[in-house]
Amino acid sequence: MDFRLTDDQRALRRGVRALLEGRFGREALRAALDRADGEGAAGGRERADGRLRGDGRVLDRGLWRELGAAGFFALRLPEGGGGAGQGLPEAVLAFEEAGRVLLPGPLIATHLAAGAVAGAATGEAVVTSADGGLVEWLDEADVVLGDVTGAEPLAPLDPLTPVHRLPGAGAARTPDGLLVSLLSAAEQLGSAARTCEIAAQHARTREQFGRPVGAFQAVQHLCADMLVRVETARAAVYAASVTADPADVAAARLLADEAAVRGARDCLQVHGGMGFTWESDVHLHLKRAWTRTHRAGGATRSEEELAEDLVSGAV
Amino acid sequence: MDFRLTDDQRALRRGVRALLEGRFGREALRAALDRADGEGAAGGRERADGRLRGDGRVLDRGLWRELGAAGFFALRLPEGGGGAGQGLPEAVLAFEEAGRVLLPGPLIATHLAAGAVAGAATGEAVVTSADGGLVEWLDEADVVLGDVTGAEPLAPLDPLTPVHRLPGAGAARTPDGLLVSLLSAAEQLGSAARTCEIAAQHARTREQFGRPVGAFQAVQHLCADMLVRVETARAAVYAASVTADPADVAAARLLADEAAVRGARDCLQVHGGMGFTWESDVHLHLKRAWTRTHRAGGATRSEEELAEDLVSGAV
Amino acid sequence: MDLTYTPEEEEFRARLRTWLAGVLPTLPPKPSPHDWPARRAYDLGWQRMLYDAGYAGLHWPVDAGGRGATPTQHLIYLEETEKAGAPYVGANFVGLLHAGPTVASEGSAEQRARWLPPVLRGEEVWCQGFSEPDAGSDLAALRTRAWRDGDDYVVSGSKIWTSHAEVADWCELLVRTAPGARKHRGITWLAMPMDAPGITVRPLRTLAGSTEFAEVFLDEVRVPAANRVGAENDGWRVTMVTLSYERGTAFVGEVVACRRVLSEVAREARKNGRWDDAALRRRLGGLNAEFRALWRLTQWNVSEAQGTGGVPGVGGSVFKLAYSHARQELFDAAAEVLGPDALDLGREWTLDRLSSLSYTIAAGTSQIQRNIVAERILGLPRGR
Amino acid sequence: MDLTYTPEEEEFRARLRTWLAGVLPTLPPKPSPHDWPARRAYDLGWQRMLYDAGYAGLHWPVDAGGRGATPTQHLIYLEETEKAGAPYVGANFVGLLHAGPTVASEGSAEQRARWLPPVLRGEEVWCQGFSEPDAGSDLAALRTRAWRDGDDYVVSGSKIWTSHAEVADWCELLVRTAPGARKHRGITWLAMPMDAPGITVRPLRTLAGSTEFAEVFLDEVRVPAANRVGAENDGWRVTMVTLSYERGTAFVGEVVACRRVLSEVAREARKNGRWDDAALRRRLGGLNAEFRALWRLTQWNVSEAQGTGGVPGVGGSVFKLAYSHARQELFDAAAEVLGPDALDLGREWTLDRLSSLSYTIAAGTSQIQRNIVAERILGLPRGR
């Protein structure tokens with residue numbers, strides 16, 4: 001047993017991080033936000049009541065193809081078939097990086113469609129999929145999996161995740177719900193780790209009452225609890241990527257959802273008023289984290305699965 | 001509207017406090033504990049596996065009669081009928097004081113029996129009552145209300161509250177469940193207020209790392225949250241004593257249960273190792289608070305009542 | 001412990017209800033939230049109606065033009081207007097609830113005569129220039145400078161989180177007049193006319209997407225020294241005095257509104273089936289307990305204020321800690337009930353969930369409130 | 001991320017299982033918890049069996065008489081012994097897990113030869129004299145004095161929270177030898193024979209009613225200077241060195257046990273009908289997630305320790321924060337499931353609920369652990 005990342009896994013993580021930092025740094029994030037937002041910051045007043053302005057194209061297709069070229073979507077396809085021959089652990093590391101930088105788009109659906117839907121593996125096609133009562137990125141997807149009849153657009157809480165509601169779909173489980181849960185958990189983990197870093201960074205530098213706010217025990221403890229949730233979730237997510245056991249995946253998603261949502265909220269609290277502005281990125285982490293909690297049946301289903309696991313099998 | 005205590009109510013509270021401080025101060029509490037405990041501190045080893053030693057008589061009958069003489073049990077009986085002609089608000093103030101000092105005995109059942117059961121009003125009789133699946137003080141009661149057939153003694157968590165379990169009783173509601181909830185909430189409030197005081201007192205005086213532990217923000221904030229719960233519960237309990245509205249009572253008991261249980265736990269945390277000894281009183285507050293949460297159907301029933309209230313009536 | 005209202009209080013409530021029932025249907029349609037001039041006009045129009053009906057400055061002293069109402073009457077007023085769906089105080093907030101009381105309490109006769117009547121009559125709007133980018137929680141660290149030049153102060157600096165700056169006539173401004181002095185000394189209170197040259201207002205967009213706030217940049221703005229309330233360098237005390245006007249009523253309307261929302265959330269859950277989830281249902285029951293208690297705590301604080309002559313003391317911190325937390329819990333529970341629709345910004349509760357996030361930050365973070373409770377109520381040593 | 005065990009590790013596990021299956025049925029009956037001499041004999045007897053089977057000092061270096069096992073083997077050992085229901089380390093705890101490693105690491109050749117073999121063979125029991133009534137969280141504030149008198153130190157003071165003091169042969173003792181020195185300086189590590197004159201042991205009853213701990217009063221106890229490990233005044237460093245032996249395994253057995261308890265709690269709920277309460281059921285599901293994650297975090301920490309050579313670093317604080325909280329939640333949930341029986345001290349879970357309260361206090365309060373995480377991992381400025 002050696003749970004640590006292998007050298008190859010570390011290299012993969014470094015590679016994805018470098019790619020995303022280069023191609024989806026803060027400026028690109030804010031530019032995407034302005035596109036989603038119609039007229040950018042100046043359009044804020046219109047945005048408040050939920051209308052999308054502009055042409056509605058938010059995804060950067062060039063970036064999507066670059067992701068494809070870098071193997072983000074084909075990561076788990078066999079090496080002979082144009083893939084990188086990697087496994088779920090490597091996919092989880094890549095999606096964790098995507099979560100860190102708030103990379104937009106139906107990444108999970110496209111990744112899962114690689115090899116099955118033409119163009120998905122290479123990033124030529126944007127693929128989305130119905131998931132329970134929601135479907136993300138319907139208007140910008142080239143291929144839509146599942147029945148989306150009667151889909152109605154919402155004014156999306158997360159400006160970088162357009163969503164449609166599906167009528168009467170309830171919480172029907174998609175066949176690949178397990179992988180959606182796992183990869184979504186990986187994104188949550190990345191977001192949680194990032195908001196913990198942002199909070200600590202802010203606490204080290206922001207001064208109030210003549211000292212960095214991070215010298216106040218109350219702020220220290222908020223940050224410490226954030227890290228505890230991140231590291232606990234990390235252990236669960238990485239382990240689930242190795243075992244692919246349904247109960248492990250359910251545990252990973254529960255803990256990662258919580259780490260991401262509470263992390264973003266605590267990060268906001270540490271930032272005080274400054275985090276409350278549109279210019280801050282903290283709210284984007286919170287809105288995305290909230291959005292992800294709705295995937296694959298949500299926390300309730302995961303908790304029920306984990307309860308059932310307690311009485312059904314061996315521990 | 002003037003929600004503040006009247007002068008008479010203040011005087012009543014002062015009176016009860018003086019009586020209890022005089023007759024049930026710390027020495028009396030520890031003496032009762034030693035009686036309950038069989039052979040006192042030296043008998044601790046036996047106590048650990050739950051056996052009661054000694055003659056099993058823990059209640060101080062003299063004190064019980066003094067309580068009767070002071071009107072604790074007859075408080076709400078009409079003045080003509082040997083009572084003090086007071087209302088529920090006054091009873092709540094008295095029971096709050098009882099909760100502060102961890103006064104033992106079936107106080108609520110005896111109070112509720114005053115006027116109906118001979119000797120209850122004067123403190124000549126000790127009255128207990130079955131409540132859901134439990135009955136407190138069965139072995140020392142002179143009068144037992146309700147069906148206690150098949151009662152089995154437990155090794156009581158709270159050494160000063162002997163309890164029997166009733167078979168199959170489930171959570172049948174006693175007819176005076178509303179008043180049990182309210183007066184129990186008043187006791188919880190008193191306990192919560194007391195543990196908040198104890199914690200603050202300890203934090204002001206105990207030094208670690210060259211300063212009072214109360215100068216650490218983490219300790220300050222534990223104490224502050226304790227007070228917030230106390231004051232919120234106080235408003236709810238006092239209001240419920242005025243309105244006797246079932247939803248108000250349910251709210252009062254929920255908040256008072258939480259204030260007492262969490263208050264005692266946080267008080268323990270503030271005390272560190274010193275609170276973990278048998279010699280400290282903090283654990284007695286926690287054990288009593290836990291015991292009281294089982295009364296009158298517990299939190300679940302109260303929450304359901306409050307949920308139903310939201311959709312049934314006017315707000 | 002008397003929770004019944006006196007005949008006078010009941011009569012006050014009845015008259016108010018009758019008046020509201022008659023006047024609310026005559027109101028013009030609500031303006032778009034993005035049309036500031038229209039919002040100003042709407043809010044001032046409502047204030048004028050209150051003035052004409054004798055409800056303006058209800059809680060102000062009579063000698064300031066107010067009605068000298070008791071805290072209980074003020075509570076009733078806030079409860080009834082909320083329940084009736086009357087307009088919010090809106091653009092009149094700072095004038096009626098902060099700057100006005102400050103002038104009433106600390107201003108000269110001339111200043112009172114100049115500034116108070118237009119507030120009461122709904123003719124002038126005030127905004128607040130207190131917070132700065134580097135002086136949020138630590139307000140006394142403010143750095144906006146003012147120096148005396150003849151009969152004027154010349155002010156440079158910047159302010160943030162200023163509501164209604166775009167349409168305000170006046171700004172109650174805290175400036176630093178003695179740079180060397182210890183933090184809380186050396187601060188001065190000025191009434192700055194918002195049409196003075198050198199003022200730039202920039203809307204500040206919040207995470208909820210709205211622009212309720214603005215940043216205000218001040219570049220050598222001249223403010224007449226006659227606009228100073230209180231002595232030079234005494235502005236911190238001047239500002240704090242105002243708090244005595246609040247008398248436990250600050251959140252009356254909000255608590256009433258939250259109780260209504262909670263009930264609506266429960267009914268929505270019944271409608272969409274989430275009510276069958278016992279965990280969610282009981283969570284709503286628990287929130288019912290919280291908000292019932294918060295209402296009683298409000299009545300408690302108001303009674304205390306009424307009994308002790310008006311200064312609410314630190315009980316406000318206890319209330320704010322409990323309330324800000326409960327409000328966030330409420331909208332989290334609402335999101336649970338909404339299910340997928342919790343991702344819909346078109347749902348009012350979704351926006352409310354976002355804005356509720358500010359409650360543990362604005363007007364003293366929960367961390368600072370806990371310090372206040374620990375040190376001033378529980379007597380713990382000053383935290384470090 | 002390799003969670004499979006190597007063939008060597010699997011073989012180690014298989015051999016251990018076989019041995020446990022054979023030996024556990026031969027154990028004498030468990031002694032009463034109140035019979036200290038019998039407990040000592042039982043625990044030492046088990047240690048002797050481990051010694052004879054080659055499992056004694058599994059994680060100690062070979063040159064100290066140990067087996068030099070890897071952290072992973074140690075994890076497997078702790079997992080399997082817990083699952084098999086083998087006796088706990090009991091009276092051998094301090095000798096095997098703290099004093100022994102300290103001597104092994106910092107002691108002279110003579111000291112190692114004198115003290116280590118009896119620990120491994122189950123012949124001598126150690127206890128720990130670190131905490132004092134006024135030095136709990138702030139251990140370095142300890143005041144027990146020792147002064148040199150010829151070849152001895154003379155020690156006066158008192159210690160608290162000492163387990164097995166009644167039956168220990170030796171006490172690893174921290175004393176202050178330089179009263180004027182700054183806190184962490186001036187502390188010295190001594191091995192005190194428990195039969196020395198001047199030692200009084202008084203049982204300390206906990207809130208759970210048990211007397212697992214004792215106070216130890218020292219009145220001019222003479223300890224030979226030859227019993228000092230490390231240099232005079234260097235005892236703080238000497239003590240801290242020992243932590244490197246822990247290697248992420250401190251709570252392996254407990255996590256395994258908690259997962260078993262959680263499963264039992266769920267089965268009990270199914271039996272008594274509480275399982276139908278969706279809120280409670282899902283709460284148990286959530287705890288399943290927590291404890292699964294804690295097991296993985298253990299494997300993670302052990303892997304780190306194995307990879308980096310043994311010093312676990314501050315990851316232990318992260319684990320302890322999460323685990324102590326989860327353990328308390330577990331027994332709170334168990335109480336929910338028990339219903340009225342949660343008031344029965346005769347139920348094991350009720351006692352466990354009480355003792356779990358110490359987990360956020362002992363061995364560094366959660367508050368102190370959070371400071372460590374904030375300052376040493378996240379690099380926040382030193383708290384004040």
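No experiment lies behind these values; they were computed from the predicted model shown. We name chains A, B, ... by the order of the sequence lines, and we start the count at 1 in each one.
- Between the side chain of E279(B) and the backbone N or O of T206(D), no donor-acceptor pair lies under 3.5 Å.
- With a threshold of 4.5 angstrom between heavy atoms, L284(B) does not approach chain D through any atom at all.
- Considering M274(B), E207(B), R206(B) in turn, R206(B) is the only one that fulfils the side-chain contact (heavy atoms from CB on, under 4.5 Å) rule with D134(D).
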Practice prompt. With side-chain contact (heavy atoms from CB on, under 4.5 Å) as the test, would you mind laying out the steps for Q367(D) and V213(B) before giving the verdict?
Written response: CA-CA 11 Å; Q367(D) 282 71 32; V213(B) 296; over 6 Å; no
Worksheet item: After noting the C-alpha distance and the side-chain angles of L280(D) and T300(B), does the key distance pass the side-chain contact (heavy atoms from CB on, under 4.5 Å) rule?
Response: CA-CA 11 Å; L280(D) 181 54; T300(B) 299; over 6 Å; no
Worksheet entry | Candidate pair R205(D) and D37(B), rule side-chain contact (heavy atoms from CB on, under 4.5 Å), full reasoning | CA-CA 13 Å; R205(D) 196 171 176 198; D37(B) 209 34; 2.6 Å; yes
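- When heavy atoms are compared at a cutoff of 4.5 Å, A342(D) approaches chain B by way of both its backbone and its side chain.
- Around atom OH of Y359(D), more than 12 heavy atoms belonging to other residues, nucleotides or ligands sit under 6.0 Å away.
- The backbone N or O of L354(D) sits nowhere less than 3.5 Å from a side-chain atom of K287(B) that would complete a donor-acceptor pair.
- Neither the backbone nor the side chain of N272(D) comes within less than 4.5 Å of any heavy atom of chain B.
- Taking the side chain to side chain contact (heavy atoms under 4.5 Å, CB included) definition, one finds that H285(B) meets it with L102(B), S191(B), R194(B), T195(B), I198(B), A264(B), sequence neighbours left out.
- Across A335(D), A140(D), S137(D), G273(D), the residue that shares the most heavy-atom pairs under 4.5 angstrom with chain B is S137(D).
- Contact check for T350(D) versus W290(B): no side-chain heavy atoms found under the 4.5 Å cut-off.
- Listed here is the closest heavy atom pair of L207(D) and W278(B): O-CZ3, 3.7 Å.
- Summarising the geometry, atom CG belonging to N371(D) is positioned 8.0 Å from atom CZ belonging to F216(B); distances are rounded to the nearest 0.5 Å.
- For the pair A155(B) and G346(D), the tightest heavy-atom approach, listed with the atom from each and the gap, is CB-N, 3.9 Å.
- Residues passing the side chain to side chain donor-acceptor pair (under 3.5 Å) test with R281(D), sequence neighbours excluded: E304(A).
- Crowding of R145(D) atom CZ: a count of heavy atoms from other residues, nucleotides or ligands under 6.0 Å exceeding 12.
- Between chain D and the options T293(B), T291(B), V282(B), V163(B), the largest number of non-hydrogen pairs under 4.5 Å is found for T291(B).
- Ranked by heavy-atom pairs under 4.5 Å with chain D, the list Q269(B), R265(B), R165(B) is led by Q269(B).
- Heavy-atom minimum distance, L154(B) versus D341(D): CD2-OD1, 4.4 Å.
- Counted within 6.0 Å of CZ on R26(B), heavy atoms from surrounding residues, nucleotides or ligands total more than 12; the atom is thus considered enclosed.
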Practice prompt. I would like to know whether F276(B) and L204(D) meet side-chain contact (heavy atoms from CB on, under 4.5 Å); could you show each step before the answer?
Written response: CA-CA 10 Å; F276(B) 214 72; L204(D) 180 70; over 6 Å; no
